[in-house]
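First the proteins, then the strands, lettered A, B, ... as listed; each starts at 1. Since this is a predicted model, take the numbers as computed values, not measurements.
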Number of protein chains: 2
Amino acid sequence: MVRKLNDALSVDCVILGFDGKDLNVLLIDRRFYEGEKLLWEDKSLTGNHIYEDEDIDVAASRILIDWIGINNIYLEQFHTFGEPDRVNRPHDRQWIAASGRNPDTRIISVGYVALLPTVQLDSNLKLHENVRWYNIDSATNLAFDHDLILDTALKYIRHKIELDPSAGFALLPEKFTLTQLQNMYESVFKVSYDKRNFRRKAIKVGYMEPLEEWQGGRTNKPAQLYRYNQERYDVLQKNGRLSSIF
Amino acid sequence: MVRKLNDALSVDCVILGFDGKDLNVLLIDRRFYEGEKLLWEDKSLTGNHIYEDEDIDVAASRILIDWIGINNIYLEQFHTFGEPDRVNRPHDRQWIAASGRNPDTRIISVGYVALLPTVQLDSNLKLHENVRWYNIDSATNLAFDHDLILDTALKYIRHKIELDPSAGFALLPEKFTLTQLQNMYESVFKVSYDKRNFRRKAIKVGYMEPLEEWQGGRTNKPAQLYRYNQERYDVLQKNGRLSSIF
DNA sequence: TCGTGTTGGTGTCAAAATGACACTTATAAT
DNA sequence: ATTATAAGTGTCATTTTGACACCAACACGA
């Protein structure tokens, strides 16, 4: 059986990665050539159309596999974009026509966010040479309506982490330092916290366990590593004892 | 120009109303007849397919007009439902076939929540005699996957109000008592609060103004009326002085 | 090996917020 | 006048917050 893609329905994935200091987004370089000559270029989110018989969540997962080679990471739908003229700018029409589709077809896109620590992709990023991490602040002037999609994803993920701190740990490696945790909160929420107060609160929430391990390989005092404990988190949540926000 | 409905894409609206004591949802009675004989009945959310050239938000607004006659109320997209077999139960297939559509067409539905005080519809509810408010706890065994859609909407709206208390006032009439406010929070979040502590906090947040008006027409002490003040809320939010959660 | 640069890590105190708790008041109906 | 019902109010002990400055550990280069 031949699977048919639905021309009118697509999925876009906003893949967010935290590197210990800053928040990044994975973007594809989109280059438009006329013969040999580069006419223009910009960047776009990862996305694709979905198959007629395919679950939307599964399509999002498939896009992760296609672009970054893994899909066992945090992935969640956040919004659907359906303005009738959302892909109507000249470059976008040119691009769609060049890839053999009809630029007049209205496309509705379901947005998903994926979260992971950037290090998790260090070896996989060679899969596609035109895919790279971009600092979140430099990700502007994107293809289609991807500025809007990215912005909506960021708002969504802020809300999500505020309500459900466990989501934030998807941005951190299994073992992390409290400074990395603080940087993560600071770059997601674009605020800054007092170091001592932040650490006091982080330790008190009760779902991070200090390990007897220290982060080495640096030119200064090694930092103690911590690990997020899902079971403790679940118990605290069930008992209504979750103190959520930093 | 004849407008064409998109068979594969629909919008469902979860219309939630608060009556001062309980949370309610607006449902349509769905009755299936064979000739004169009622074969089965259940209830469904309000929804419809969208036009090919229609913005999704506009389609949701249109559905409100169709079913309740107004659309100047809180309305927000919350999730898109796209499991390939989401409308595959026997009754649902029977219903779709009887209305002249192909039950094998996969339908993707974008979910919207609307919020309003039930009193706002007292005069409009005659529009359709098969539409009624149902207590949120009695709204089960709905048509299609509407149990899931309703449940997702409730979770969404809890999160929304928790993060952005202003949304909660969409459930209250312009002038409300603190007891109504407390009931609203208690029924949305399914918890209970200490009356004195609740009122202390409600007054301290600073975006509700007490009026020199009292709610009459009841058999006991009249309650003072309050009004939500959007401007004060915006100022507090901008200054980061919003204390959000009850 | 000593100094320097850099990040990790720690405690106190005053102010504010929270949570627990019980009685009086105003009204309409009888 | 009595009754039933929901409105409205204050205190105190405990917990949480926010402001604030210095020493410790390591790698590197002089």
Side-chain angles (χ1 to χ4, degrees), chain A residues 18-22 162 165 172-173 175-187 189-227 236 239-246, chain B residues 18-22 119 162 165 172-173 175-187 189 191-227 236 239-246:
Chain A
F18 179 71
D19 60 20
K21 282 214 94 129
D22 293 306
E162 203 170 328
L172 294 168
K175 299 171 182 180
F176 54 85
T177 70
L178 292 186
T179 300
Q180 289 170 344
L181 182 72
Q182 181 171 352
N183 288 342
M184 186 270 281
Y185 271 92
E186 291 185 339
S187 45
F189 293 102
K190 293 184 182 279
V191 292
S192 63
Y193 300 99
D194 176 86
K195 184 164 54 155
R196 280 178 289 189
N197 293 341
F198 182 89
R199 296 163 90 91
R200 174 179 57 193
K201 198 157 179 185
I203 288 161
K204 193 163 38 165
V205 291
Y207 48 79
M208 281 176 269
E209 25 178 7
L211 305 174
E212 292 303 307
E213 280 182 71
W214 280 260
Q215 181 191 49
R218 273 186 9 274
T219 173
N220 44 22
K221 185 171 176 178
Q224 190 169 15
L225 293 170
Y226 286 74
R227 183 165 50 196
L236 289 164
N239 302 343
R241 306 208 166 283
L242 254 194
S243 37
S244 34
I245 313 167
F246 285 97
Chain B
F18 180 70
D19 60 20
K21 281 214 96 132
D22 293 304
V119 294
E162 202 169 330
L172 294 169
K175 300 171 181 180
F176 54 86
T177 69
L178 292 185
T179 300
Q180 288 170 344
L181 181 72
Q182 181 171 354
N183 288 341
M184 187 269 282
Y185 270 91
E186 292 185 339
S187 46
F189 293 103
V191 293
S192 63
Y193 300 99
D194 175 87
K195 185 166 53 155
R196 280 177 289 190
N197 293 341
F198 183 90
R199 295 165 88 92
R200 173 178 56 193
K201 199 157 179 187
I203 288 161
K204 192 162 39 167
V205 292
Y207 47 81
M208 280 177 271
E209 24 178 9
L211 305 173
E212 292 302 309
E213 279 181 71
W214 279 262
Q215 182 191 49
R218 272 187 9 273
T219 175
N220 45 22
K221 184 170 178 179
Q224 190 169 15
L225 294 169
Y226 286 74
R227 182 165 48 196
L236 290 164
N239 301 343
R241 306 208 167 283
L242 253 195
S243 36
S244 34
I245 313 167
F246 285 97

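The CG-C1' distance, from B:Leu181 to D:dG8, rounds to 15 Å in whole Å. Following rounding to the nearest Å, B:Gln182 (CD) and D:dT9 (C1') show an atom-to-atom distance of 14 Å. To the nearest angstrom, C1' of D:dA25 lies 12 Å from CH2 of A:Trp214. B:Arg241 has its CZ atom 12 Å from the C1' atom of D:dG18, to the nearest Å. Taking atom CD on B:Gln180 and atom P on D:dG8, their separation rounds to 11 Å, with Å as the unit. Distance CZ (B:Arg199) to P (D:dA6): 14 Å, rounded to an integer number of Å. To the nearest angstrom, C1' of C:dT7 lies 11 Å from CG of A:Asn183. The distance between atom CD of B:Gln215 and atom C1' of D:dT5, rounded to the nearest whole Å, is 13 Å.
Using a 4.0 Å heavy-atom criterion, one finds that A:Thr177 contacts no nucleic acid atom at all. Among the atoms of the strands shown, only primed sugar atoms or phosphate atoms (P, OP1, OP2) are found under 4.0 Å from some heavy atom of A:Arg218.
Taking the side chain to side chain contact (heavy atoms under 4.5 Å, CB included) definition, one finds that A:Lys195 meets it with A:Gln182, A:Arg199, sequence neighbours left out. Under the side chain to side chain donor-acceptor pair (under 3.5 Å) criterion, B:Asp19 pairs with B:Asn24, not counting sequence neighbours. By the side chain to side chain contact (heavy atoms under 4.5 Å, CB included) test, B:Leu236 pairs with B:Tyr207, B:Arg241, B:Leu242, sequence neighbours left out. B:Asn220 pairs by the side chain to side chain donor-acceptor pair (under 3.5 Å) definition with B:Arg218, not counting sequence neighbours. When the side chain to side chain contact (heavy atoms under 4.5 Å, CB included) test is applied to B:Ser187, the partners found at least two apart in sequence or on another chain are B:Phe18, B:Leu23.
Between D:dT16 and A:Lys201, no contact under 4.0 Å exists linking OP1 or OP2 to a side-chain N or O. The shortest distance between the side-chain N/O atoms of B:Thr179 and the OP1/OP2 oxygens of D:dA6 is not below 4.0 Å.
Under the 4.5 Å side-chain criterion, counting only non-hydrogen atoms from C-beta, A:Met184 is in contact with A:Leu172.
When atom types are taken as modelled, the side chain of A:Glu209 and the backbone of A:Tyr226 share no donor-acceptor pair closer than 3.5 angstrom.
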What one-letter contact string describes nucleotides 19-26 of chain C from 5' to 3', where B marks a base within less than 4.0 Å of any protein heavy atom, S marks contact via sugar-phosphate atoms alone, and - marks no contact?
BBBB--BB
